[in-house]
Amino acid sequence: MPNSPSSVSAGELRHGVLGSADAIAQSLALLALTFAVSAAPASAAATAGAAVPLAFVIAGVGSLCLASVIVRFTRRIAHAGGLYAYTVRGLGPPVGFLAGWMYATAFAIGISFVLIISADFLSAVLAANTSVHLGWFPLY
């Protein structure tokens, strides 16, 4: 049987474990982060002005440094757990447990902020272009 756990070689993930629903759920969760990235430059420019390009260059270099570390881990460890697995392998299970909860909390808080910002934006668009004045909370 080709997909049985015993046929998986070392350093390889089992096939057929995640289904289409899992892939769709992950994609939807990451859409909020994509919206935040696309909305960030306008918000940053409104407050930081001319320093925005430098801030984005610094953030980009930092992101590339983090990506380099993650790529090095993925070459050594094939695991569906992603950053949690790398943290456990690199720093131990207690730190991995803490990192997993921090990652889940960051997703929950980040998605909430993106939804609030999106609802506020939609409320402003509706108020400017129609006679609908709902406020952000019903749209949230």
Side-chain angles (χ1 to χ4, degrees):
M1 190 170 196
N3 290 338
S4 68
S6 62
S7 68
V8 176
S9 63
E12 185 177 309
L13 298 175
R14 253 187 341 188
H15 299 277
V17 174
L18 300 177
S20 296
D22 300 313
I24 290 170
Q26 282 188 338
S27 298
L28 289 175
L30 292 174
L31 278 176
L33 298 175
T34 304
F35 174 77
V37 167
S38 67
S43 300
T47 57
V52 172
L54 178 62
F56 273 81
V57 167
I58 292 169
V61 169
S63 296
L64 289 174
C65 290
L66 177 61
S68 171
V69 171
I70 292 171
V71 166
R72 289 172 189 246
F73 268 112
T74 59
R75 288 183 182 153
R76 294 181 183 188
I77 306 168
H79 197 281
L83 297 177
Y84 166 77
Y86 307 146
T87 306
V88 168
R89 189 74 60 93
L91 301 173
V95 177
F97 178 79
L98 179 64
W101 277 105
M102 287 174 58
Y103 188 66
T105 303
F107 254 98
I109 291 171
I111 290 170
S112 297
F113 279 125
V114 169
L115 288 174
I116 290 170
I117 293 167
S118 301
D120 185 52
F121 176 75
L122 182 58
S123 172
V125 169
L126 287 174
N129 298 309
T130 67
S131 61
V132 178
H133 299 283
L134 294 174
W136 68 270
F137 191 72
L139 299 171
Y140 175 74

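Because the structure is predicted, anything quoted here is derived from the model rather than measured.
We find the CG-CG distance between L115 and L139 to be 11.5 Å, quoted to the nearest 0.5 Å. Atom CZ of F121 is separated from atom CG of L126 by 10.0 Å, given to the nearest 0.5 angstrom. Between atom CZ of residue F137 and atom CG of residue D120 there is a gap of 13.5 Å, rounded to the nearest 0.5 Å. Once rounded to the nearest 0.5 Å, the distance linking SG of C65 with CD1 of I70 reads 11.5 Å.
The minimum heavy-atom distance between T74 and Y86, with the atom names listed, is CG2-OH, 2.9 Å.
Annotation: side chain to side chain contact (heavy atoms under 4.5 Å, CB included) contacts of S68 (sequence neighbours excluded): R72. Residues that satisfy the side chain to side chain contact (heavy atoms under 4.5 Å, CB included) test with L91, not counting sequence neighbours, are T87, V95.
The hydrophobic clustering, which links ILVMFWY residues whose side-chain heavy atoms are closer than 4.5 Å, places I58 and V69 apart. Neither I109 nor W136 shares a network with the other; the hydrophobic side chains, linked directly or stepwise wherever heavy atoms of I, L, V, M, F, W or Y lie under 4.5 Å apart, form separate groups for each. Residues Y103 and F97 do not share a hydrophobic cluster, clusters being chains of Ile/Leu/Val/Met/Phe/Trp/Tyr side chains in contact below 4.5 Å. Residue L54 is not grouped with residue V61 when hydrophobic side chains (ILVMFWY) are merged at heavy-atom distances under 4.5 angstrom, including chains of intermediate members.
Without hydrogens or angle criteria, S123 side chain to A119 main chain gives no donor-acceptor distance under 3.5 Å.
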